[in-house]
Amino acid sequence: MVRGARASAAAVLAVMLLESCSTGGAPESSTSSGQGPDVQGSAPSRPPASTGVPSRSVWCRSGEAHGRLASRPPSGKTDVVVGPLRFSGLKDWQDGRRTDFGGRTGAGWHYKIGAEIERGSVVKVSVAPEARQRASLSYGQKDGYTPAAEVTFSACPDSDTVYVGGFFISGDGRFCLPLDVQAGKAAPRRIVIPVFSGACRA
């Protein structure tokens, strides 16, 4: 349900990210708006595998699929926020429909979600070691969105930044996904994302 300007801006952002990161899943909506990030680059329709490189870094630079957020709406109750990192609407995945957020690719499901990083921040997101046989992160256009166990995001120095990409989950695409999130030099924080799996134990 769209609630106010924050929800409207988040919906516009989600549509732009979906249009910039097509992987051959469910048909995607096509709405238009004069607001939203200047998303640079687009994702190829390449099915990711469940395993890949150990780590990758993505930066605010030409050739990397990212957008500059002119204004960042306040966080809502369906957002997952850890320090300077936000995944808008990610809590909707708990009981949502898989086909609304991605589609089957090869041996599993690829789901699209933009990683929003506050300006000037560096955030490392890692799939917990015990989950790496089932899950990976698919960010980094310069690397063809090949799967990675961890991704370090560096925001643009002068604007909040959203990086195009998503998660890959093998099998039926339902999983309690444990992620370790480290902002700068702070200690990592463990979060668990219910990926169309119902409630998960934190």
Side-chain angles (χ1 to χ4, degrees), residues 17 21 23 25 43 46-59 64-65 75 77-118 121-155 162-202:
L17 291 174
C21 187
T23 59
R46 173 184 301 182
S50 59
T51 58
V53 300
S55 63
R56 164 177 304 128
S57 295
V58 294
W59 296 277
E64 198 65 89
S75 296
K77 65 180 183 179
T78 63
D79 298 343
V80 171
V81 180
V82 183
L85 167 72
R86 177 168 69 185
F87 292 115
S88 291
L90 188 53
K91 290 181 182 177
D92 285 336
W93 290 21
Q94 177 172 320
D95 300 307
R97 296 188 308 172
R98 292 171 295 169
T99 52
D100 287 345
F101 299 90
R104 181 176 294 280
T105 57
W109 287 71
H110 182 211
Y111 303 111
K112 299 162 233 179
I113 185 77
E116 299 177 30
I117 313 294
E118 289 181 7
S121 299
V122 177
V123 180
K124 181 168 67 176
V125 180
S126 307
V127 177
E130 64 271 21
R132 292 180 182 180
Q133 292 303 310
R134 287 224 46 206
S136 60
L137 306 173
S138 298
Y139 294 88
Q141 183 186 20
K142 291 185 73 68
D143 293 295
Y145 300 96
T146 53
E150 67 179 33
V151 175
T152 300
F153 300 95
S154 295
V162 56
Y163 287 99
V164 173
F167 307 148
F168 175 79
I169 306 295
S170 66
D172 68 359
R174 297 182 173 93
F175 191 50
C176 290
L177 173 61
L179 297 175
D180 294 320
V181 180
Q182 183 177 18
K185 296 183 179 179
R189 176 181 164 188
R190 172 66 60 89
I191 61 174
V192 178
I193 306 299
V195 182
F196 310 103
S197 60
C200 293
R201 192 183 325 181

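The structure presented is a predicted model; accordingly, all values stated were derived computationally and were not measured.
Under the side-chain contact (heavy atoms from CB on, under 4.5 Å) rule, Leu85 has a single partner from Val80, Ile191, Ile117, Leu179, which is Ile117.
Atom SG of Cys176 sits about 10.0 Å away from atom CD1 of Ile169, to the nearest 0.5 Å. Here the CD1-CG distance, from Ile193 to Leu90, works out to 4.5 Å after rounding to the nearest 0.5 Å. One finds the CZ atom of Phe101 at 11.0 Å from the NZ atom of Lys112 (value rounded to the nearest 0.5 Å). In this structure, Glu150 CD and Ser136 OG are separated by 13.0 Å, a value rounded to the nearest 0.5 Å.
Under the 3.5 Å distance criterion, the side-chain polar atoms of Arg190 are left unmatched by any main-chain donor or acceptor of Pro178. With hydrogens and angles ignored, the 3.5 Å screen pairs a side-chain donor or acceptor of Arg134 with a backbone N or O of Ser170. A donor-acceptor pair is defined here as one N or O able to donate and one able to accept, closer than 3.5 Å; no such pair exists between the side chain of Glu118 and the backbone of Pro84. Side chain of Asp79 to main chain of Val81: no donor-acceptor pair is present (N/O by atom type, distance under 3.5 Å, no hydrogens or angles). In terms of modelled atom types and a separation under 3.5 Å, the side chain of Arg189 and the main chain of Ala183 share no donor-acceptor contact. The main-chain N or O of Tyr145 is never found under 3.5 Å from a side-chain atom of Gln141 such that the two would form a donor-acceptor pair.
Note on ring orientation: taking the six-membered ring where Trp is involved, the planes of Phe167 and Tyr139 are perpendicular (angle over 60°, cut-offs 30° and 60°).
Looking at every heavy atom in both residues, Gly171 comes nearest to Arg104 through O-NH1, 3.8 Å. Residues Pro129 and Asp180 share a closest heavy-atom pair of CD-OD2, 4.5 Å. In terms of heavy-atom proximity, Ser154 sits nearest to Val122 at OG-CG2, 3.7 Å. Between Gly114 and Phe87, the closest heavy-atom pair is O-CD2, 3.5 Å. The two residues Ser126 and Lys124 come nearest to each other via the heavy atoms OG-CG, 3.9 Å. Across every non-hydrogen atom of Leu137 and Val125, the tightest pair is CD1-O, 3.3 Å.
Checked against a 6.0 Å centroid threshold, the rings of Phe153 and Tyr163 count as neighbours. Aromatic pair Tyr111/Phe175: ring centres not closer than 6.0 Å.
Side-chain contact between Thr99 and Phe196 is absent, with no heavy atoms from C-beta onward closer than 4.5 Å.
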